[in-house]
Number of protein chains: 2
Amino acid sequence: MATLKDVARLAGVSVKTVSNVVNGYSFVKPDNRRRVEEALEATGYRPNLGARNLRRGRTGFIALVLPELSIPYFAELAGLVIAAAQDHEWNVLIEQTFGTLAGERSALASLGPHLVDAAILSPEALQVDDFQLPVPAVLLGEHAVDVPISRVGIDNVAAAQAAVRHLISLGHQRIAAIGAHPHRGTAALRLEGYRRALAEASLPFVDELVVPALNYHRADGAAAMRSLLDLRTPPDAVFCFNDLLAIGAMRAAGERLVRVPQDLAVVGFDNNEESAYSSPSLTSVAPDKAAIAQAAVDLLHRRVEAGDVLENVETPFSLQVRESTVAR
Amino acid sequence: MATLKDVARLAGVSVKTVSNVVNGYSFVKPDNRRRVEEALEATGYRPNLGARNLRRGRTGFIALVLPELSIPYFAELAGLVIAAAQDHEWNVLIEQTFGTLAGERSALASLGPHLVDAAILSPEALQVDDFQLPVPAVLLGEHAVDVPISRVGIDNVAAAQAAVRHLISLGHQRIAAIGAHPHRGTAALRLEGYRRALAEASLPFVDELVVPALNYHRADGAAAMRSLLDLRTPPDAVFCFNDLLAIGAMRAAGERLVRVPQDLAVVGFDNNEESAYSSPSLTSVAPDKAAIAQAAVDLLHRRVEAGDVLENVETPFSLQVRESTVAR
DNA sequence: CATCGTTGTTCCAACGATGTAAAGACCCGG
DNA sequence: CCGGGTCTTTACATCGTTGGAACAACGATG
C-alpha cells in the first residue's frame with residue numbers, strides 16, 4: 001500500500017507537498033500539482049485513516065450501542081444511522097448489550113476517545129452513575145434516569161395515549177397492557193400514557209390487566225397474552241409496548257382460537273416492517289425512525305464541531321391503523 | 001485522556017515498561033509491576049487503539065458488507081458476526097449496499113488496508129472484475145461468479161432440494177417457486193435444487209410456476225403470489241427462496257382467502273425469528289447462522305495471521321417444519 | 001574475582017499523517 | 001541590484017504505541 005512517502009519520491013517532491021495536494025491546500029505550483037496528481041494516480045494512494053486520525057485527534061467513528069441487532073426495531077434504526085452518519089464521513093461501530101446491565105457497562109467501558117468520536121446510546125438498564133461518558137453522546141428514547149445528556153425520541157406518553165385512545169374509540173372497555181418493566185424508562189412512560197387514556201375516558205385502571213415483560217421479545221408477548229387469557233374475565237383489547245410483544249400476543253391468541261380483532265384488538269409500538277405483513281396486520285405506533293437517526297447523528301456532529309450542545313429533540317410519530325384493530 | 005507517558009511518569013518508570021505491563025510481558029519486577037498497575041488504575045489508562053494499530057500495522061476492524069440491515073436475515077447475521085469478531089478483538093464495520101451494483105462497488109472502494117484488516121462480503125450483483133480486493137475477504141453464500149475467494153455457506157442446492165422434497169412427501173404435485181433471479185447466484189442454486197427434487201419425483205418442471213423476484217422483500221413475495229393465484233391452475237404448494245418472500249406470499253394468499261396450509265403449503269428459506277411467530281408459522285430451511293458467522297470470522301483470522309488460506313466452508317442446515325406445511 | 005547467562009529496564013526508531021516554522025524562490029518597485 | 005513582500009516548499013517535531021537493541025543489575029559459575 002502506497003504511503004505519502006512513496007508518492008513524494010515518485011513525484012520528486014517532499015512528503016508535505018503531497019500532503020498539501022491531497023488536502024487541497026491552495027499554494028502549490030501547477031507543475032508540481034500535476035506531477036503529484038500523476039503520482040497519486042499511479043500509486044493508487046489512499047490515505048491511512050488511522051494515522052491521519054491519530055495526528056488529528058479524531059477517530060472517524062461513532063458508536064451505536066443498542067440491545068440487539070436481531071430486534072427488528074434496532075436493526076432498522078441501525079441501518080438508518082449508518083446512512084445518516086455517512087453524510088458526516090463517520091463510520092458506525094455497533095455494540096450489542098443484550099439489554100443487560102453488564103453488557104451495557106462493558107460496551108460503555110470499551111468506548112473511549114481513542115476509539116470513537118461520539119456515541120449513540122439506547123440503554124435499558126443503566127443507572128445514573130454509569131453516565132460518566134468519555135465522549136459526546138446522545139440517548140435514544142426517554143429514560144427514568146435524569147442525566148445531562150441530549151436525547152432524541154418521540155413523546156412516549158402521548159404516543160401510548162394515542163394508541164389506547166384508538167382502542168377506546170373502537171368501543172373497547174377492558175384494555176390490557178403488556179410490557180410493564182421495573183427499570184425501563186420507556187415502559188414507565190408508555191404505561192403512563194395508557195393510564196391517562198383510561199382516565200380521560202373514565203375507565204378503571206385494573207391491576208390484573210397490566211402484565212410485565214422482562215424482555216421485549218415475541219416469546220414474552222406470547223407468555224403475557226396466555227396469562228391474560230387465563231383471567232376470569234379476559235381483556236377485549238391489548239396495548240403492547242412493542243411490536244414483538246404484539247406479534248407474540250397475536251400468536252398466543254390464535255393458539256387459543258381467540259380471533260383478532262373480533263374477540264381481541266391488538267396495538268403494537270414501533271411499526272416494524274414485519275407488522276404490515278402479519279396476519280392480521282398489526283396496528284402500531286409508528287415513530288419516524290429516519291428522523292430519529294438523522295437527528296441523533298446531526299446532534300452529535302454539532303456537538304463535536306461546536307462544543308457543548310445539550311438538547312432534547314422530539315421526533316414525530318403517527319398511528320398506523322391496520323387489521324388487528326379494524327377488520328378489513 | 002491518559003497516555004502511556006502519563007502512567008510512566010506517575011509510576012516512575014519508562015514508557016516501555018508500562019507498555020510491557022499492559023501487554024502482559026513476563027519479565028517485570030513485581031515491585032515495578034505493582035507500581036505500574038496502581039498508576040494504570042489511578043489514571044484510568046486505556047490504550048489508544050489507533051496508535052497501537054498504526055504501530056502494529058493493523059486496524060482492528062473488519063468490514064461486513066451486506067445488502068441491508070432491515071432484512072432480518074442480515075440483521076441476525078450481523079449480530080452474530082459482531083459477537084464472533086469480539087473473540088479476535090475485532091470491531092465490525094457494517095456497510096450497506098442495498099443490493100445494487102453501484103452500492104456494492106462503492107462499499108468495496110471504501111475498503112482499504114488502512115481501514116479494515118479484512119472483509120466479509122455478501123454480494124448480490126458483483127461481477128468477476130470487481131473482485132480485486134485490497135484485503136483478505138470471505139464471501140457469504142454461493143455465487144455464480146467464480147473467483148478465488150474463500151466462501152462460507154450452506155449447500156444451497158441440497159437445502160432447496162430438501163425443502164421441495166418435504167412438500168412432495170406431503171403429497172403436493174403442483175409446486176411453485178418464488179425468487180428466481182437472473183444475476184443472483186444463490187437463486188440459481190436454489191432453483192436447481194427445486195428442479196432436482198421435482199425430477200427425482202418425476203414431477204414436470206412447469207415454467208409458469210417459477211416466478212422471479214427482483215428484490216427479496218415481503219412485497220415481492222406478495223406480488224409473486226398474486227400472479228400465481230391468477231393462473232388458470234394455481235399451485236398447491238410454493239417454495240420461496242427466502243422467508244420474507246414466503247411471508248409476503250402467505251399474506252397475499254390470506255387476502256384471497258386461500259388457506260395455508262390446507263389450500264396452499266408454503267416453505268421459506270433462512271428461518272428468520274419472525275417465521276416462528278407468523279400465523280401460520282412458517283416451515284423454513286434453517287441455515288446455522290451462528291456457524292456461518294463463526295466460520296467466516298475464523299477463516300479471516302487465520303488468513304490474516306497465517307497468510308493465504310483459500311477454503312470453502314460448508315455449514316450445516318436443517319429444515320424447520322411448522323404450520324405452513326403441516327396443520328396443527 | 002572475572003565471566004556468563006538470565007532478567008529487567010531504558011532508549012531510540014518507526015508506523016503514516018499533518019502543523020509549524022523556517023528556508024527558498026520569485027516578483028515588484030525604487 | 002537591493003530590499004521587502006508574497007508564494008511555495010521543505011525539514012522537523014509530533015500524535016501514542018510497540019519492536020529491537022543496548023544497557024544494567026543480578027546471582028551463579030569456574
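Residue numbering restarts at 1 for every chain, and letters A, B, ... go by the order of the sequence lines.
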Assign [X] to base, sugar-phosphate, or nothing according to its heavy-atom contacts below 4.0 angstrom with the strands shown.
| X | result |
| --- | --- |
| N53(B) | nothing |
| V15(B) | base |
| T3(A) | sugar-phosphate |

For the side chain of [X], starting at C-beta, report the closest nucleotide among [options].
| X | options | value |
| --- | --- | --- |
| K29(A) | dT8(D), dT17(D), dT18(C) | dT8(D) |
| N48(B) | dT17(D), dT18(C), dT18(D) | dT17(D) |
| R56(B) | dT10(D), dT18(D), dG16(D) | dT18(D) |

(request) Take L54(B) and T17(B), find for each the nucleotide of DNA chain C with the closest heavy atom, and name the residue whose nucleotide sits nearer the 5' end. (result) T17(B)

Are OP1 or OP2 of [N] and a side-chain N or O of [X] less than 4.0 angstrom apart?
| X | N | answer |
| --- | --- | --- |
| Y25(B) | dT10(C) | no |
| N20(A) | dT8(D) | no |
| S19(B) | dT17(D) | no |

Kindly say whether [Y] contributes a backbone atom to a donor-acceptor pair with the side chain of [X] at under 3.5 angstrom?
| X | Y | answer |
| --- | --- | --- |
| E76(B) | N272(B) | no |
| D117(B) | G60(B) | yes |
| T59(A) | L115(A) | yes |
| Q96(A) | G79(B) | yes |
| R151(A) | N312(A) | no |

(message) Please determine whether any donor N or O and acceptor N or O are separated by less than 3.5 Å between the side chain of R55(A) and the base of dT14(D).
(response) yes

(request) Report yes or no: is there a donor-acceptor pair, N or O only, under 3.5 Å between the side chain of K5(A) and the base of dG16(C)? (result) no

To the nearest Å, how far apart are [X] [atom1] and [N] [atom2]?
| X | N | atom1 | atom2 | value |
| --- | --- | --- | --- | --- |
| L4(B) | dC15(D) | CG | P | 13 Å |
| K16(B) | dT17(D) | NZ | P | 13 Å |
| D31(B) | dT7(C) | CG | C1' | 15 Å |

(message) So that I know where these two stand, are F61(B) and F61(A) an aromatic pair - ring centroids less than 6.0 Å apart?
(response) yes

(request) Give each stem of DNA chain D as a range with a range, requiring at least 3 consecutive Watson-Crick or G-U wobble pairs whose two distances are under 3.5 Å. (result) C:1-30 with D:1-30

(message) For H88(A) and H301(A), take the angle between the two ring planes, folded into 0 to 90°, and tell me which bin it lands in: parallel under 30, tilted 30 to 60, perpendicular over 60.
(response) parallel

